[in-house]
Structure formats: structure tokens, C-alpha cells
Trainee: 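If you scroll down you'll find the structure; I have some questions about it.
Order of the sequence lines sets the chain letters (A, B, ...), proteins ahead of strands, with each chain counted from 1. Below, all heavy atoms of this structure are taken into account, side chains as well, without hydrogens, waters or symmetry copies. What you see is a predicted model; the values in this text were computed from it and never measured.
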Protein chains: 2
Amino acid sequence: MSPTPARTSRDAILAAARTILERDGLDAVTMAAVAERVGIRPPSLYRHVRDRAGLLVALVGGAADELRIELVAAAASIEDLPGPEGPARRVVAITDAYRAFARRSPRTAALLFSDLGPATAAIVEASARAAAPVVEAAAALAGPERALSAARVLTAFAHGFTSMEVAGAFRLGGDPDEAYHLGVATLVAGLRTGRPDPAVRASARPGTR
Amino acid sequence: MSPTPARTSRDAILAAARTILERDGLDAVTMAAVAERVGIRPPSLYRHVRDRAGLLVALVGGAADELRIELVAAAASIEDLPGPEGPARRVVAITDAYRAFARRSPRTAALLFSDLGPATAAIVEASARAAAPVVEAAAALAGPERALSAARVLTAFAHGFTSMEVAGAFRLGGDPDEAYHLGVATLVAGLRTGRPDPAVRASARPGTR
DNA sequence: ACCTGAACACCGTTCAAGT
DNA sequence: ACCTGAACACCGTTCAAGT
């Protein structure tokens, strides 16, 4: 007759799901596996999450918030400097933090920009929150006009690189670290100084002002 | 008594799967849906592919080969020029071709560097084949020593950008085309001229010579 | 108020049986 | 030689029933 207290929590469920995701992959994140890990039966999960897709979206959303905090911390760890030096270092710190996150939670990171079906919108929203510090740093680096484009370029590189890394795409030898820092340094230097080489720009396809 | 001729083919199966993938997403690529589309029953599929994972791997592998052909064609469409101008334009042509492919087959492109379980190795191999023209062009642009890193940087950017685009990550307004070409132009200009800014490089974490 | 067993539809896969 | 129906294990999900 007495109302029974909850035997688990939404947070515990999300944590369990994330552990399974990182350890065994997305297919292993079944309702049965998650339920067992938190000590309840599968049907009870539906009291805490709408369905499996909702669970995954919440998982990725939580990870995005966690990432945002780490990116903000990385940006804050760089002292302000006069001239363009500060923003450049800040961007490097942010991209390094992104990569650190992706290496710690590779499968979660791979889901940050993935098509998870109809519920994808919520993930995109969470990712946008996480991208805020990137846009801020990009604005300081490349100027307010190019801030959005610069942030997209930096995010695309960091995300693309780490997701390739996670998929095991770098097996031809060489040093992935070197490639990552080459990319970041090239982008930071180019986005800072302003216009890229006009000859190259001219060969981009027309109609893209 | 007479041996019955095959009612379908592996190619037809892969094409059917790809159509469903692009139209309705990965979850919709069920054995039942593919079988129905080629006019057989689900169990018969197992005569042509090992299992669902094998089907997906073959699908992505075929797409990677198709992509490779388009990248080679894009590279060949740029005439040789003396000096660094030729390689730069070639790299732009290749990255444009990659983006065109990703826009035509967004969900397939998203799978090119994805973790599809134990069979992922085959996908990575196919992607490596597709990356060959990129490495070649990167070598001409950045020199043989930095060819591999430069190719990784360019591929990471192109893949990361298009996968974000596919996921609908660019909703803050602005022009994605502009951002894409800004990224490509920045990378091409920076990778061509050689060393990125030393001050920025110095802030990369140590031990990555 | 929260959890569960039972049940349903669906999916991937196997295999003996059909032609 | 290729295809199929029947069957199995598993999965996501619902819901009436339990405490």
C-alpha cells in the first residue's frame, strides 16, 4: 500500500547505457542490457525514458553538456593576451579538449553528429550548446563576421578527424597526433590572418559569394 | 530437376539496400525490406550475403569504390600547371567532388567512417582505396613528407563537414557553402606554403614531434 | 507510485524441404 | 542450383496486475 520508492534513476539508466555503449558498441545497448545493469526489468525503463531512441538522445545530450563544460574550462585555462595570440591559443586548447573527450568516449563522440532517426533534432540542439564556446573563440580569432564559418570549419575538422580515428581509419602508419596538430595549426593560422590565397578561392565553385 | 537460374543478383541486392538506406535510413534496411524490393524472401538473401552486417559492409565498400572513381575523375579534370597552382586546384576539385558525393548519397557517406561492428575493417579498407587520389594530390601540394598528414587533414575536414551537414547541424543561419570553401581554401593555402605559424605550433602538446 | 510477468509484433538467422 | 516455409532466439514495447 505504501508507495514504493524508485529503485533506480534516470541518471543511473543513462550512465549504464553509456557504459555499455563504450564497452560493447551501439547494438549492445538493448533495453534488456540496460535494465539488467540498473537492476530492474526492461518494461520498467519506460517509466524513465520514452523509448530506446529517447534514451540514446538523452545519453548523447548529456554527453554534449559534459563536453561543453570541458570546452569552456579549456578556453578559460588560457590567459588573455594582447593581439591575436590569445585567441589562437584558446582555439588550440579547445580543439585539444575536444579530441581528449573523443578519445575518452569515442563511441559517444561518434554519436554527437549522427543521424539517430526522428529524434536527431534534440542531439543537434545539444551539440549546438556544446559548440557555443567554439563560436566564441572563433569570433575572437577570425572576427565577428567570419565567426560562424570559422567555428564550423574548426568543429568539422575536429569532429571528422576524431570520428575517423575512432573508426580505425589511420592505419597507414604515420603519427595521427602530428596530423591533428598540423590541421589545427593550419586552420588557426589561416583563419587568423584573414583572407586565404585568392587564387585558390577563385577556383571554388561560383555562386557562393 | 533443371537448376533454377538466379532470380536476383548481389548487385541488385546492394542497390536495393542503398535505395532504402538513402530514402528511409539505416534502421529501415531490414532483410525483409531488401528481400521484398528484389522480389525474393528474406532467407534467400543469405545465399548472396553473409548476413546483414556483411550486406552493409558490401554496400559501403561499393560506394567507396564509386567515390574513388569520382575523385580520380575530379583530379584528372584539372590540367597540370607549373608551380604550386596545379596541386592546389586539384585538391579543391577533389574536395568539391567529395562534397558532391556526400550530398547525393548523404546516409551512405555517413557510413564511410562509421563503426559498423566487427566487420568495420572492410569498410576502412574500402575507404582507404578511395583516399588514394587524396593522398596523391596532397603529396603534390604539401610534399612527400607531409603527404599522409595533409591527406588526413583534408579528408577529416571534408568528412566531418559533410557528416555534420547531413545530421542537420548547420541551423544557425549563414552559408554552409561559404564555410566549406573557407575551410578548403584555408587548408590548401596553409598546407602549400609549408610551416604553419610557429607560435601556434608551440602550444600543441609536447611529444608529438 | 513504481515495478513486473505475460503477451505481441517484428527482426535476423537457420535449415530441412521443395522445384 | 536456387528458393521457400517453418521455426527459433531475441528485441522493443504495451498493459493489466501486483505490492
Side-chain angles (χ1 to χ4, degrees), chain A residues 1-21 23-60 107 111 114-120 122-123, chain B residues 1-21 23-60 107 111 114-120 122-123:
Chain A
M1 206 70 181
S2 66
T4 62
R7 215 167 302 178
T8 185
S9 69
R10 189 177 156 93
D11 281 352
I13 289 168
L14 296 181
R18 187 154 165 195
T19 299
I20 298 169
L21 169 65
R23 200 188 45 200
D24 301 321
L26 185 56
D27 286 351
V29 184
T30 64
M31 299 305 263
V34 174
E36 187 182 17
R37 197 155 218 282
V38 296
I40 60 176
R41 301 286 173 175
S44 305
L45 287 175
Y46 293 82
R47 205 149 286 272
H48 299 93
V49 297
R50 177 178 191 70
D51 52 21
R52 182 175 181 266
L55 189 162
L56 292 176
V57 167
L59 186 167
V60 177
R107 282 170 162 151
L111 290 183
S114 76
D115 186 358
L116 237 49
T120 306
I123 291 184
Chain B
M1 208 70 185
S2 66
T4 61
R7 214 168 302 177
T8 185
S9 69
R10 190 178 156 93
D11 281 354
I13 289 168
L14 296 182
R18 187 155 166 193
T19 299
I20 298 168
L21 170 65
R23 200 188 45 200
D24 301 320
L26 185 56
D27 285 351
V29 184
T30 65
M31 299 305 264
V34 174
E36 187 181 18
R37 197 154 217 281
V38 297
I40 61 177
R41 301 285 174 173
S44 305
L45 288 176
Y46 293 82
R47 203 149 288 272
H48 298 94
V49 296
R50 177 177 192 70
D51 53 20
R52 183 175 180 266
L55 189 161
L56 291 175
V57 167
L59 186 167
V60 178
R107 283 170 160 150
L111 292 183
S114 75
D115 186 359
L116 238 49
T120 306
I123 291 184

Trainee: Protein within reach of the bases, or only the backbone? For nucleotides 3-12 of chain C, mark each nucleotide 5' to 3' as B, S or -, using heavy atoms under 4.0 Å.
Mentor: BBBB----SS
Trainee: Hey, what do you get for CD1 (Ile13(B)) to CD1 (Ile40(B)), rounding to the nearest 0.5 Å?
Mentor: 5.0 Å
Trainee: Quick check on Asp24(A): does its CG atom have over 12 non-hydrogen neighbours (other residues, nucleotides or ligands) under 6.0 Å away?
Mentor: yes
Trainee: Tell me which nucleotide, if any, is Watson-Crick or G-U wobble paired with dA16(D) when both distances must be under 3.5 Å.
Mentor: dT4(C)
Trainee: Give every residue pair that meets the salt bridge (Lys or Arg N to Asp or Glu O under 4.0 Å) criterion with at least one member in residues 42-52 of chain B, sequence neighbours excluded.
Mentor: none
Trainee: Measuring from Thr8(A):OG1 to Leu45(A):CG, what's the distance to the nearest 0.5 Å?
Mentor: 8.0 Å
Trainee: Identify the nucleotide, in any strand shown, that forms a Watson-Crick or G-U wobble pair with dC10(D), with both distances under 3.5 Å; if there is none, say none.
Mentor: none
Trainee: With rounding to the nearest 0.5 Å, note down the distance linking OG1 in Thr19(A) to CG in Leu59(A).
Mentor: 9.0 Å
